[in-house]
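Numbered from 1 within each chain, the chains take letters A, B, ... in sequence-line order.
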Amino acid sequence: MRALPALLAVLALAACGSEDAERRSQPAPKGDPGLKVWAAQGCGSCHTFEPAGATATIGPNLGHSLGGRSRDYIRESIVAPNAVVAGGGTSIMPEDFAKRISKPELDALVAFIARGVRAR
Amino acid sequence: MRRCLLILPLLLLTAPAVAHAGGFATTGLSSTPDGLRAGEPWKVELTILQHGITPLSDLKPEIVLVNADGDRTTIAARPTGRPGRYAATVRFPKAGQWRYLVYDGFNNALPTTFPAVLIRSSDAGTATVRRPDPVGPPGLPIVAAGVLALGAGALWLARRRRHPPARLA
């Protein structure tokens, strides 16, 4: 009988895990402006980012490299990818996104990525 | 010298393949297929840039649609005449959840993938399409966990009534 709380905890965790997997397999929110900018700029050709359904491996997995970072850090990573390069070296990411996309588009993209990585 | 002349055409023939092998290109989409119905056209323009910078012409990009049943449809994009720009008219053949990916024709080992989309039924009005789910309804694990927890709780109460804990004097 002492095992009852443990059993309940396991059941609750199983339910949460299943819910998480469910959320991952669900289609992206319809009409997310940040996702539209992501798709328009071809971000998914280089990065893995689960909320965008992207699995590319040219650049870093954003879920790892931007997880827990601030929105300002994410913004800087887009417009000045060589400002801070994890592990040193030089980024091969184009450095002209500040010119390519408007500020509202950049805001939407930053918000979309921040939501996906649970930024601070 | 003759050998050189023989090798030269071979090198010229293989050069594009070698050049593509290590390179990559980014593929941008002018729109995403949100809210479409089955059979409805999605007119999309692809922008393909080598290393995210240089427009690439003379490619044969393709958009591939795949659904949960494994149905697969391939749509070729055609050049628009502008460097690096290709156009396609895509129709999802039936309702349900679809994934779509783009092979840029430059390095097809690296397709660009996008999030799944729900394509609605082509039937009129308010018809809704349930997302195909191989493991059952979305809330099933939670309901099952709840039922099990209730059962375990009831069992525990019944046993407790039958065998009340010994009281300390």
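Atom-to-atom distance recorded for Thr55(A):OG1 and Leu101(B):CG is 8.5 Å, nearest 0.5 angstrom. Atom-to-atom distance recorded for Thr57(A):OG1 and Leu110(B):CG is 6.5 Å, nearest 0.5 angstrom. For the atom pair Arg100(A) CZ and Ile53(B) CD1, the distance stands at 7.0 Å (nearest 0.5 Å).
Within a 6.0 Å radius of CZ in Arg99(B), no more than 12 heavy atoms belonging to other residues, nucleotides or ligands are found. Annotation for Asp96(A): atom CG counts as buried by contact number, over 12 foreign heavy atoms lying within 6.0 Å.
Listed here is the closest heavy atom pair of Gly52(B) and Pro94(A): O-CG, 3.6 Å.
In this structure, chain A has heavy atoms under 4.5 Å from both the backbone and the side chain of Thr27(B). Neither the backbone nor the side chain of Leu46(B) comes within less than 4.5 Å of any heavy atom of chain A.
Between the side chains of Ser45(A) and Thr112(B), at least one donor-acceptor pair of N or O atoms lies under 3.5 Å.
Per-residue heavy-atom pair counts under 4.5 Å with chain B were compared for Ala54(A), Ala56(A), Ala52(A), Cys43(A), and the maximum is reached by Ala52(A).
Under the 4.5 Å side-chain contact rule for hydrophobic residues, Leu35(A) and Ile101(A) share a cluster. Both Phe49(A) and Leu106(A) are part of a single hydrophobic cluster, where members link through side-chain heavy atoms under 4.5 Å apart. Clustering ILVMFWY residues whenever any of their side-chain heavy atoms sit less than 4.5 angstrom apart, transitively, puts Val37(A) in a cluster other than the one holding Leu49(B). Clustering ILVMFWY residues whenever any of their side-chain heavy atoms sit less than 4.5 angstrom apart, transitively, puts Ile63(B) in a cluster other than the one holding Tyr103(B).
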